Q: 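Take a look at the following structure, please.
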Amino acid sequence: MNENQLSKRLARVGELVPEQSRLADIGSDHAYLPVALVLQKKLDFAVAGEVVNGPFEAAKKQVKKNGLNDQITVRLADGLDAVEETDKITAVTICGMGGVLIRDILEAGWKNQRLQGNERLVLQPNIGEKPLRDWLTVHGYTIIDEDILEENNKIYEIIVACRQEVRVAYSEKERLFGPILLKKRSSIFQRKWQGEVKQRETILAQLAKASGDQQARIQQIEKEITEIKEVLSNES
């Protein structure tokens, strides 16, 4: 992967960033995403934030190599601390982390007002999508788009959210499966949740052999399996 050939998941994230946004890419690694979007003339300005020194230095080299120092600012900072008020950020991308970590980054940014609430969020969690959707719901965000894709035998979800005048109250089921992914029910969505059923059935088998009172845990997992199977069997 490089700035001219993004991974499938990052390319899709880039497609979901609005044209001419002022982008903050948090956990930018080598800054491939902001560099690619500026080279594509989709963006005029971006901040690449990175908390680890090695990737921070790599991002600086990447930006300099492509002659984009005037358009992309690389900052060594924790999460949304990379964003300054003068940046006038209108879109935030956070990719390739667990959903709980992305949630925590958003929460910290919310508390210290680095996240204003008017930005378009394009989030690509590797796992833990539900805690992330829980946070978005509590903070008044509407999920305006979602996608699910497979790359290198791994399945990734992308969540696009923004705050709108009318708040949407998502059900527990929608926060688990994704309100838009539930409607799309793609073959990759089906395959992901078939895999989730198998994982839970494996856990059940292990719990059946475990010592101690496992009944509450067993009942919870059986409930989850039933719910997933209902979703998979519902073609509507």
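Only heavy atoms go into these numbers, but all of them, side chains included; no hydrogens, no water, no symmetry mates. Bear in mind the structure is a predicted one, so any value in this text is a computation, not a measurement.
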Q: Is the ring centre of Tyr32 less than 6.0 Å from the ring centre of His30?
A: yes

Q: Do the side chains of Arg120 and Val17 get nearer than 4.5 Å, heavy atoms only?
A: no

Q: Hey, is Arg12 close enough to Glu151 for a salt bridge, meaning N to O under 4.0 Å?
A: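 No, this pair does not count.
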
Q: Taking all atoms of both residues into account, what is the closest heavy-atom pair of Asn126 and Gly96, and its distance?
A: ND2-O, 3.1 Å

Q: Is there a continuous path of hydrophobic side-chain contacts, each under 4.5 Å between heavy atoms, that joins Tyr141 to Val160?
A: no

Q: Would you indicate whether the side-chain heavy atoms of Asn66 and Ile72 approach each other to under 4.5 Å?
A: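 A side-chain contact is absent here, since even the closest heavy-atom pair is not under 4.5 Å.
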
Q: With a 4.5 Å cut-off on side-chain heavy-atom distances among I, L, V, M, F, W and Y, is there a chain of contacts connecting Leu136 to Ile144?
A: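 No, Leu136 does not connect to Ile144 through the hydrophobic network.
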
Q: Minimum heavy-atom separation for Gln124 to Val13, with atom names?
A: CB-CG2, 4.0 Å

Q: Same hydrophobic cluster for Val35 and Val38, using side-chain heavy-atom links shorter than 4.5 Å among ILVMFWY?
A: yes

Q: Angle between ring planes, Trp193 versus Phe177, binned at 30° and 60°: parallel, tilted or perpendicular?
A: tilted

Q: Quick check: are there more than 12 heavy atoms from other residues, nucleotides or ligands sitting under 6.0 Å from CD of Glu85?
A: no

Q: Look at Arg133 together with Glu146 and state whether they make a salt bridge at an N to O cut-off of under 4.0 Å.
A: yes

Q: After noting the C-alpha distance and the side-chain angles of Glu201 and Lys229, does the key distance pass the salt bridge (charged side-chain N to carboxylate O under 4.0 Å, His left out) rule?
A: CA-CA 12 Å; Glu201 287 174 340; Lys229 285 183 174 180; 3.6 Å; yes

Q: For Asp87 and Ala82, which heavy atoms make the closest approach, and how far apart are they?
A: OD2-O, 4.1 Å

Q: For Lys173 and Val231, which heavy atoms make the closest approach, and how far apart are they?
A: CE-CG2, 3.6 Å

Q: Is Tyr170 linked to Leu176 within one hydrophobic cluster, defined over Ile, Leu, Val, Met, Phe, Trp and Tyr using a side-chain heavy-atom separation of less than 4.5 Å?
A: no

Q: Can you establish whether the number of heavy atoms outside Gln220 located under 6.0 Å from its atom CD is more than 12?
A: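 Counting neighbours around CD of Gln220, more than 12 heavy atoms of other residues, nucleotides or ligands fall under 6.0 Å, so yes.
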
Q: Quick one: does any side-chain atom of Gln214 pair with a main-chain N or O of Ser211 as donor and acceptor, under 3.5 Å?
A: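 Confirmed, Gln214 side chain pairs with Ser211 backbone.
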
Q: Cut-off 3.5 Å, side chains only: do Glu150 and Asn152 have a donor facing an acceptor?
A: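 Judged by distance alone, the side chains do not pair up.
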
Q: Quick check on the hydrophobic clustering: are Leu123 and Leu149 connected, directly or via other members, by side-chain heavy-atom contacts under 4.5 Å?
A: no

Q: Sequence neighbours excluded, which residues qualify as salt bridge (charged side-chain N to carboxylate O under 4.0 Å, His left out) partners of Glu172?
A: Lys130, Arg175

Q: State, yes or no, whether a side-chain contact exists between Leu37 and Asp25 at a heavy-atom distance under 4.5 Å.
A: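 Not touching, per the 4.5 Å side-chain cut-off.
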
Q: Between the main-chain N or O of Gly14 and the side-chain N or O of Lys42, is there a donor-acceptor pair closer than 3.5 Å?
A: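 Yes, the answer is positive, given that a donor and an acceptor are paired below the 3.5 Å cut-off.
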
Q: So, are Arg200 and Glu196 salt-bridged, with charged N and O less than 4.0 Å apart?
A: yes

Q: Evaluate Thr90 against Asn118 for side-chain contact (heavy atoms from CB on, under 4.5 Å), listing each step before the verdict.
A: CA-CA 7 Å; Thr90 62; Asn118 56 359; over 6 Å; no

Q: Between Lys60 and Glu57, is there a salt bridge with N-O shorter than 4.0 Å?
A: yes

Q: Under the salt bridge (charged side-chain N to carboxylate O under 4.0 Å, His left out) rule, collect the residues that match up with Glu50, sequence neighbours excluded.
A: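 Counting only residues at least two positions away or on another chain, Glu50 forms no salt bridge (charged side-chain N to carboxylate O under 4.0 Å, His left out).
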
Q: Could you walk me through whether Arg9 and Asp147 pass the salt bridge (charged side-chain N to carboxylate O under 4.0 Å, His left out) test, one step at a time?
A: CA-CA 10 Å; Arg9 66 181 178 87; Asp147 204 355; over 6 Å; no

Q: I'd like to check Ile89 versus Phe45 (side-chain heavy atoms, cut-off strictly below 4.5 Å). Are they in contact?
A: yes

